[in-house]
Amino acid sequence: MSKQFDVVVIGGGPGGYIAAIRSAQLGFSVACIDEWKNAKGGPAPGGTCTNVGCIPSKALLQSSEHYEQANHHFADHGIEVKGLSLDVAKMLARKDTVVKQNNDGILYLFKKNKITFFHGRGAFKGVANGAYQLTVGEEELTAKQVIVATGSNARALPGTPFDEENILSNDGALRVGAVPKKLGLIGAGVIGLEMGSVWRRLGAEVTVLEGLPTFLGAVDEQIAKEAKKAFDKQGLKIELGVKIGDIKSGKKGVSVAYTNAKGEAQSLDVDKLIVSIGRVPNTIGLNVEAVGLQLDERGAIVVDDECKTNLPGVWAIGDVVRGPMLAHKAEEEGVAVAERIAGQHGHVNFNTIPWVIYTNPEIAWVGQTEQQLKQAGRAYKAGTFPFLANGRARALGDTTGMVKMLADATTDEILGVHIVGPMASELIAECVVAMEFRASSEDIARICHAHPSLSEATKEAALAVEKRTLNF
Ligand code: FAD
Ligand code: NAI
């Protein structure tokens with residue numbers, strides 16, 4: 001007997017589980033199907049984000065940053081640490097506990113919201129009378145509304161599959177059992193920089209090989225330059241403009257042949273290699289053919305601005321569709337789709353989705369970069385303020401970086417804010433709010449910010465737009 005629901009969500013990552021919760025809040029009967037297994041084979045909802053993405057990477061970034069601080073920076077505060085040692089197994093176990101807490105939290109939320117959870121692979125079987133039939137193992141489910149949130153997988157280099165021993169995706173990169181002496185990464189994107197930072201802090205000699213000639217091309221140039229300076233100082237070796245050749249993996253490690261930016265043949269010998277060259281949308285096993293769900297040439301599910309697919313009643317959200325592959329983007333789409341199913345006006349503002357790279361210094365931004373504004377021929381004013389002139393940053397002992405605000409030359413509306421420096425991940429939230437409310441730089445400049453706080457740097461950057469900083 002088929003089990004009937006108003007809404008079935010396939011995928012229990014941040015897109016899917018949030019879509020399920022919002023749908024349940026709106027009064028629908030909801031099922032969520034997710035196939036992720038924990039080490040014991042049990043359910044581990046939360047998707048890439050919870051299991052091998054946002055959460056475990058941030059846990060290791062935190063642990064490794066503590067180690068780095070104790071190793072190199074406590075002395076500046078008059079704290080002497082003798083006999084400092086590293087227990088990688090314990091660090092990884094703590095990370096696994098954090099992941100499990102999140103898995104359990106989501107299972108609790110399913111119960112709390114009366115969402116029926118199915119552990120297994122969901123697939124389309126067919127459609128009859130406007131209702132979709134889906135299978136999960138032996139079970140059959142029926143629903144008129146289906147939300148597909150099946151996420152993405154790491155992209156491998158052609159001819160070099162991940163073995164998660166020597167050649168690692170984000171999954172293997174998060175569970176290397178001992179600090180490799182030499183670690184190579186291909187791709188100086190978000191994962192390359194975050195995971196490279198983790199293992200460098202823990203003592204690995206890290207080399208990142210990047211195909212593009214510019215560092216962090218999507219980031220505001222001035223901010224990317226400042227970040228690169230900091231990474232260089234830390235000893236994170238980043239080579240730009242390379243072309244990757246043959247990769248050989250054996251008992252002794254991995255050898256990567258490549259051509260450098262000057263066209264010279266080079267080779268990099270490392271103990272482990274992380275390949276972080278982007279991710280591909282995942283529809284494996286979904287049996288889209290059974291219902292004729294349309295995919296594009298990249299394998300992403302084709303959706304319109306409202307996440308509607310080519311099939312009535314079938315929606316798709318998160319990493320499996322166009323747009324940035326970010327957990328909070330997936331969540332916003334999940335909420336919006338549930339509200340649209342309920343006849344409301346779900347809304348996602350793509351112009352104000354923040355980005356954060358959790359390195360040290362952190363990099364965070366919202367809105368347009370200076371190069372984008374130039375390219376669009378938009379007249380703008382820019383204001384920057386360095387953390388060097390911020391009292392709280394000095395007290396923290398972390399004065400790298402700046403806040404940069406870009407505002408329309410005529411209306412003064414904030415068009416973008418770019419931060420490199422301490423707690424940029426938290427500071428960006430104020431800027432997102434400001435942009436959502438279409439604030440001007442003067443609005444931020446006139447708002448009282450607590451002293452001493454890093455957020456004063458944002459206020460000062462706003463003052464800098466009109467060249468009237470008070471502390472610089
Ligand atoms: P996913 O999280 O991938 O979830 C999809 C789920 O669907 C999975 O559980 C999968 O098992 C399940 N599934 C797939 N097919 C089926 C099926 N047929 N049946 C049943 N279940 C199925 N983003 C941020 O915003 N901040 C970060 O700090 C951040 N850090 C990251 C770090 C790393 C190392 C990585 C790899 C990614 C990171 N991301 C981060 C990106 C973020 O993880 C993704 O954007 C986010 O997880 C996408 O959510 P989703 O719900 O679309 O898909
Ligand atoms: P990415 O798109 O951020 O970076 C990939 C990098 O690899 C790019 O710089 C690209 O030019 C380079 N590259 C691609 N092919 C190459 C090749 N053949 N040789 C050399 N370099 C090559 O992708 P990444 O780092 O794999 O992360 C995937 C996605 O996961 C991110 O785009 C982001 O959406 C998400 N993510 C988000 C995080 C966050 O929000 N803090 C953290 C980690 C991941």
Side-chain angles (χ1 to χ4, degrees), residues 9-19 32-37 43-58 60-61 103 106 118-124 134-136 147-158 160 169-171 173-174 185-196 198 208-218 239-244 256 258 274-288 316-321 323-331 333-334 353-359 362-364 425:
V9 183
I10 310 176
Y17 89 79
I18 290 292
C32 183
I33 311 170
D34 188 83
E35 66 178 344
W36 207 293
K37 289 188 185 121
T48 301
C49 168
T50 303
N51 292 295
V52 291
C54 324
I55 301 298
S57 62
K58 266 80 256 179
L60 289 186
L61 278 157
N103 296 142
I106 296 166
F118 292 90
H119 188 213
R121 175 166 287 182
F124 284 102
L134 302 153
T135 55
V136 197
I147 304 174
V148 182
T150 45
S152 62
N153 293 317
R155 185 153 78 89
L157 279 163
T160 310
S169 70
N170 56 295
D171 185 0
L174 288 160
L185 291 104
I186 300 184
V190 198
I191 296 180
L193 294 174
E194 290 188 357
M195 294 318 299
V198 166
V208 191
L209 300 176
E210 165 61 42
L212 291 177
T214 34
F215 178 62
L216 286 179
E239 272 204 57
L240 301 173
V242 309
K243 197 167 180 312
I244 305 295
V256 182
Y258 68 98
I274 298 173
V275 177
S276 47
I277 56 167
R279 297 180 61 80
V280 284
N282 169 40
T283 53
I284 297 167
L286 197 56
N287 198 20
V288 294
I317 59 172
D319 280 12
V320 76
V321 304
M325 289 187 170
L326 294 173
H328 42 284
K329 176 264 194 184
E331 292 181 17
E333 286 183 332
I353 294 176
W355 274 86
V356 178
I357 306 178
Y358 293 82
T359 43
E362 291 187 343
I363 305 165
S425 56

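Note that the structure is predicted; figures quoted are calculated from it, not measured. Both counts, for ligands and for their atoms, begin at 1 and track the order of listing.
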Asks: Distance under 4.0 Å to a non-hydrogen atom of Y358: what atoms of ligand 2 satisfy this?
Replies: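 So the answer, numbered in order with elements, is 41 (N).
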
Asks: Just jot down the side chain to side chain donor-acceptor pair (under 3.5 Å) partners of N287, sequence neighbours excluded, or say none.
Replies: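 In terms of side chain to side chain donor-acceptor pair (under 3.5 Å), with neighbours along the sequence ignored, N287 is linked to no residue.
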
Asks: Among all protein heavy atoms, pick the one closest to atom 15 (N) of ligand 1 and tell me residue, atom and distance.
Replies: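 Heavy-atom neighbour on the protein nearest atom 15 (N) of ligand 1: T150 CG2, 3.2 Å.
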
Asks: Taking the minimum heavy-atom distance to atom 10 (C) of ligand 2, which of K58, R155, E210 ranks first?
Replies: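 It is E210 whose heavy atom sits nearest to atom 10 (C) of ligand 2.
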
Asks: Under 3.5 Å, is there a donor-acceptor pair linking the side chains of N51 and D171?
Replies: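 Distance-only check fails for N51 and D171.
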
Asks: Contact between Y358 and ligand 1, counting heavy atoms under 4.0 Å?
Replies: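 Flag set, Y358 near ligand 1.
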
Asks: Please confirm whether G211 comes within less than 3.5 Å of ligand 2 when only nitrogen or oxygen atoms on both sides are compared.
Replies: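 Yes, G211 has an N/O under 3.5 Å of an N/O on ligand 2.
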
Asks: Have a look at C32, A149, G334 and point out the one with the heavy atom closest to atom 5 (C) of ligand 1.
Replies: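 Heavy atom nearest to atom 5 (C) of ligand 1 belongs to A149.
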
Asks: Could you tell me whether V242 approaches ligand 2 through its side chain, its backbone, both or neither, with non-hydrogen atoms closer than 4.0 Å?
Replies: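 Within the 4.0 Å criterion, V242 makes no contact with ligand 2.
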
Asks: Which protein non-hydrogen atom lies closest to atom 53 (O) of ligand 1, naming both residue and atom, and how far is it?
Replies: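 For atom 53 (O) of ligand 1, the nearest protein heavy atom comes out as G151 CA, 3.1 Å.
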
Asks: Between ligand 2 and M325, is the shortest N or O to N or O distance under 3.5 Å?
Replies: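 So ligand 2 has an N or O lying under 3.5 Å from an N or O of M325.
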
Asks: Report yes or no: does H328 contribute a side-chain atom to a donor-acceptor pair with the main-chain N or O of P354 at less than 3.5 Å?
Replies: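 Such a contact is found between H328 side chain and P354 backbone.
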
Asks: Verify whether one side chain among E331 and Y17 offers a donor that lies under 3.5 Å from an acceptor in the other.
Replies: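 No donor-acceptor contact under 3.5 Å links the two side chains.
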
Asks: Got a second to check how far L174's CG is from E194's CD, nearest 0.5 Å?
Replies: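 Those atoms lie 10.0 Å apart.
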
Asks: Of the choices G11, C54, A19, which has the non-hydrogen atom that lies closest to atom 29 (C) of ligand 1?
Replies: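 Comparing heavy atoms across G11, C54, A19, the nearest one to atom 29 (C) of ligand 1 lies in C54.
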
Asks: Report the member of P354, A327, P45, G16 with the shortest heavy-atom distance to atom 24 (C) of ligand 1.
Replies: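 Considering heavy atoms of P354, A327, P45, G16, the nearest to atom 24 (C) of ligand 1 sits in A327.
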
Asks: Check each heavy atom of I244 against ligand 2 and say whether those closer than 4.0 Å belong to the side chain, the backbone, both or neither.
Replies: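 The part of I244 near ligand 2 is the side chain, not the backbone.
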
Asks: Can you list the ligand 1 atoms lying under 4.0 Å from a non-hydrogen atom of R279?
Replies: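 So the atoms of ligand 1 that pass are 36 (C).
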
Asks: Return yes or no for this condition: an N or O of R279 is under 3.5 Å from an N or O of ligand 2.
Replies: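 Such a contact does not occur with ligand 2.
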
Asks: Quick check: L326 and ligand 2, any N/O pair under 3.5 Å apart?
Replies: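 For ligand 2, there is no N or O atom that lies under 3.5 Å from one belonging to L326.
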
Asks: Report yes or no: does M195 have a heavy atom closer than 4.0 Å to ligand 1?
Replies: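 So M195 does not count as touching ligand 1.
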
Asks: Going by heavy-atom distance to atom 33 (C) of ligand 1, choose the closest among G122, G53, A316, A330.
Replies: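 Answer by nearest heavy atom: G53.
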
Asks: Check for me whether S276 has a heavy atom closer than 4.0 Å to any atom of ligand 1.
Replies: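 No, S276 has no heavy atoms under 4.0 Å from ligand 1.
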
Asks: Out of all atoms in ligand 2, which are within 4.0 Å of some heavy atom of L212? Include the element for each.
Replies: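 In order of numbering, the contacting atoms are 11 (O).
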
Asks: Does L157 approach ligand 2 within less than 4.0 angstrom via side chain, backbone, both or neither, non-hydrogen atoms only?
Replies: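 L157 to ligand 2: side-chain contact only, backbone stays beyond 4.0 Å.
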
Asks: Taking only heavy atoms of S57 into account, list the atoms of ligand 1 that are under 4.0 Å away from them.
Replies: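 Numbered from 1, ligand 1 contributes 32 (C).
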
Asks: Between the candidates C54, G278, S276, S169, which shows the shortest non-hydrogen contact distance to atom 2 (O) of ligand 2?
Replies: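 Considering heavy atoms of C54, G278, S276, S169, the nearest to atom 2 (O) of ligand 2 sits in G278.
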
Asks: So if I count the atoms of ligand 1 from 1 in the order they appear, which ones are less than 4.0 Å from some heavy atom of V52?
Replies: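 Ligand 1 atoms under the 4.0 Å threshold to V52: 34 (C), 36 (C).
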
Asks: Relative to ligand 2, is E194 under 4.0 angstrom through side chain, backbone, both or neither, heavy atoms considered?
Replies: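 It is the side chain that gets close, since no backbone atom is under 4.0 Å.
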
